[in-house]
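Letters A, B, ... mirror the listed sequences (proteins, then strands); counts begin at 1.
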There are 2 protein chains.
Amino acid sequence: MLFSKTCEYGIRAAVYIASQHDKDYKIGITEICEKIEAPRHFTAKILQILTREGLVSSQKGVNGGFFMDEEQMNRPLIALVEAVEGTEALSRCGLGLRACSEKEPCPLHNKYKAIRTNIASMLTGITIGDMAKKLQKGSSFLKIA
Amino acid sequence: MLFSKTCEYGIRAAVYIASQHDKDYKIGITEICEKIEAPRHFTAKILQILTREGLVSSQKGVNGGFFMDEEQMNRPLIALVEAVEGTEALSRCGLGLRACSEKEPCPLHNKYKAIRTNIASMLTGITIGDMAKKLQKGSSFLKIA
DNA sequence: TAAATAAAAGATGTTTTTGTCCTTTATTGC
DNA sequence: GCAATAAAGGACAAAAACATCTTTTATTTA
Ligand code: FES
Ligand code: FES
């Protein structure tokens, strides 16, 4: 409902990579997809985008894989969502009018606007690193056991 | 982001029909689609669903068309959304885990749960008739001029 | 330098969503 | 009863989302 599959897998993959930040090796696509229960080739494509956008780092070749530095872990979740879904997704009209506007609002505008604001602050108020920390603490999960 | 196209067109169509409730004639698909700026045949399909579910009434033949009675206008918006999107849409995990659960929550669970609750109360707290009224008052719109 | 490895890139395939078109059925007015 | 009308239903088509497979490129290590 809220996110596309692309976005869901992208978030889960990034959070898993971040959660392995303290490891001394880089994380391969096979391990990532096992741990987040996501389709391998599809997720590889998504990680290509995230890498291109600088949200995740990667290295080819032997002992290569994906990894994230402190700066990348401190990016708010909204950066990843916008990289994947585009920046307009968070400002469009809830009923699909050509634009969301105060001058010609749809009948859901007032209530929807508030919700959209809540979503934006959720995505701005949490970093990939924050989410990774929850994982490490064992207080949250990226797949159901 | 929030609704599918099917749902968006469905809501707009239903609200328009409700807004014409005081008219003494039934509303044809052609008029509806002009007024809400939606694809004609696709919207006709959606109205078939809404009619089948009893959210909207219809009559075939000469001077036929779509209409709604008071009871239908008093249905909360969530009834329409659930008829179109299914009832699970509002309870699934924001990150796409197989289930949303308190025992094995995703890293977004706490914040997302609150938003989902807001969405549910938005959809429960407004009826098709309420939305139609806004339209009649001229304080909201189903397409941009 | 050669072999092994792992991501990048690109081609291709499947499924779902979105959208159109044509035929059938029910209803009305003459 | 008959013609006109409008929704219902079903078949089909296009586009987007989701997913897989193969080849290429970069890197490491022996
Ligand atoms: S106009 Fe529809 S959400 Fe603002
Ligand atoms: S577990 Fe993800 S939203 Fe509840």
Side-chain angles (χ1 to χ4, degrees), chain A residues 1-14 16-17 20 23-34 36-68 81 84-86 88-89 92 95-96, chain B residues 1-14 16-17 20 23-34 36-68 84-86 88-89 95-96:
Chain A
M1 199 165 188
L2 191 57
F3 301 124
S4 64
K5 283 288 167 201
T6 302
C7 202
E8 288 177 356
Y9 297 144
I11 295 170
R12 276 153 59 194
Y16 179 72
I17 295 166
Q20 303 301 303
K23 298 286 198 307
D24 57 349
Y25 60 89
K26 304 188 183 69
I27 319 298
I29 187 68
T30 306
E31 173 178 347
I32 293 168
C33 291
E34 268 164 17
I36 71 172
E37 212 167 48
R40 191 201 144 109
H41 298 285
F42 190 47
T43 304
K45 283 281 173 226
I46 299 165
L47 280 173
Q48 277 179 35
I49 297 169
L50 298 184
T51 301
R52 212 178 298 137
E53 300 282 334
L55 290 157
V56 166
S57 299
S58 71
Q59 178 149 21
K60 290 183 180 178
V62 177
N63 296 321
F66 297 92
F67 60 100
M68 288 173 78
V81 173
V84 168
E85 313 261 28
E88 339 71 46
R92 59 185 295 278
L95 288 191
Chain B
M1 197 166 190
L2 192 56
F3 300 123
S4 65
K5 283 288 168 201
T6 303
C7 201
E8 287 176 358
Y9 296 144
I11 295 170
R12 275 152 61 192
Y16 179 73
I17 294 166
Q20 303 299 302
K23 297 285 200 307
D24 57 348
Y25 60 89
K26 304 187 181 70
I27 319 298
I29 187 68
T30 307
E31 174 179 345
I32 293 168
C33 291
E34 269 164 16
I36 71 172
E37 212 168 46
R40 191 201 146 111
H41 298 284
F42 190 48
T43 305
K45 284 279 173 232
I46 299 165
L47 280 173
Q48 276 180 36
I49 297 168
L50 298 185
T51 301
R52 214 177 297 137
E53 300 282 334
L55 290 156
V56 165
S57 299
S58 72
Q59 178 149 18
K60 290 182 179 179
V62 178
N63 296 322
F66 296 92
F67 60 99
M68 289 173 79
V84 168
E85 313 260 30
E88 338 71 47
L95 288 191

Spacing of Ile49(B) atom CD1 and Thr6(B) atom OG1 [to the nearest 0.5 Å]: 7.0 Å
Closest contact, heavy atoms only, Leu50(B) versus Ala14(B): CD1-CB, 4.5 Å
Sugar-phosphate, base or nothing in reach of Thr6(B), heavy atoms under 4.0 Å: sugar-phosphate
Least distance between heavy atoms, Ile27(B) atom then Ile32(B) atom: CG2-CG1, 3.6 Å
Sugar-phosphate only, base, or nothing, as touched by Leu47(B) at under 4.0 Å among non-hydrogen atoms: nothing
Non-hydrogen atoms of Arg12(B) and Leu95(A) that approach each other most closely: NH1-O, 2.9 Å
For Cys33(B) against Pro39(B), the heavy-atom pair lying closest together: SG-O, 4.1 Å
Main-chain N/O of Ser4(A) paired to Glu85(A) side chain as donor or acceptor, under 3.5 Å: yes
Helical stems, DNA chain C - three or more consecutive Watson-Crick or G-U wobble pairs below 3.5 Å: C:1-30 with D:1-30
Distance-minimising heavy-atom pair for Tyr9(A) and Ile36(A): O-CD1, 3.9 Å
Opening and closing nucleotides of DNA chain C in contact with chain A, under 4.0 Å to non-hydrogen atoms: dA4(C) to dA11(C)
Sugar-phosphate only, base, or nothing, as touched by Ile27(B) at under 4.0 Å among non-hydrogen atoms: sugar-phosphate
Given DNA chain D, 5'-ward residue of the pair Ser4(A) and Asn63(A), judged by closest heavy atom: Ser4(A)
Nearest-nucleotide comparison on DNA chain C, the residue closer to the 5′ end among Gln48(A) and Val62(A): Val62(A)
With sequence neighbours excluded, residues passing salt bridge (charged side-chain N to carboxylate O under 4.0 Å, His left out) with Glu31(B): none
Outermost nucleotides of DNA chain D that come under 4.0 Å of a non-hydrogen atom of chain B: dA4(D) to dA11(D)
Sugar-phosphate, base or nothing in reach of Lys45(A), heavy atoms under 4.0 Å: base
Within residues 38-54 of chain B or reaching into it, pairs that qualify as side chain to side chain donor-acceptor pair (under 3.5 Å) - sequence neighbours excluded: Thr30(B)-Arg40(B)
Contact nearer the 5' end of DNA chain D, comparing Cys7(A) with Ser58(B): Ser58(B)
Report all side-chain donor-acceptor pairs from residues 54-66 of chain A shorter than 3.5 Å, counting only partners two or more places apart or in another chain.
unit_1   : atom_1 : unit_2   : atom_2 : d
Ser57(A) : OG     : Gln72(A) : OE1    : 3.3
Ser57(A) : OG     : Gln72(A) : NE2    : 2.9
Gln59(A) : OE1    : Lys26(A) : NZ     : 3.3

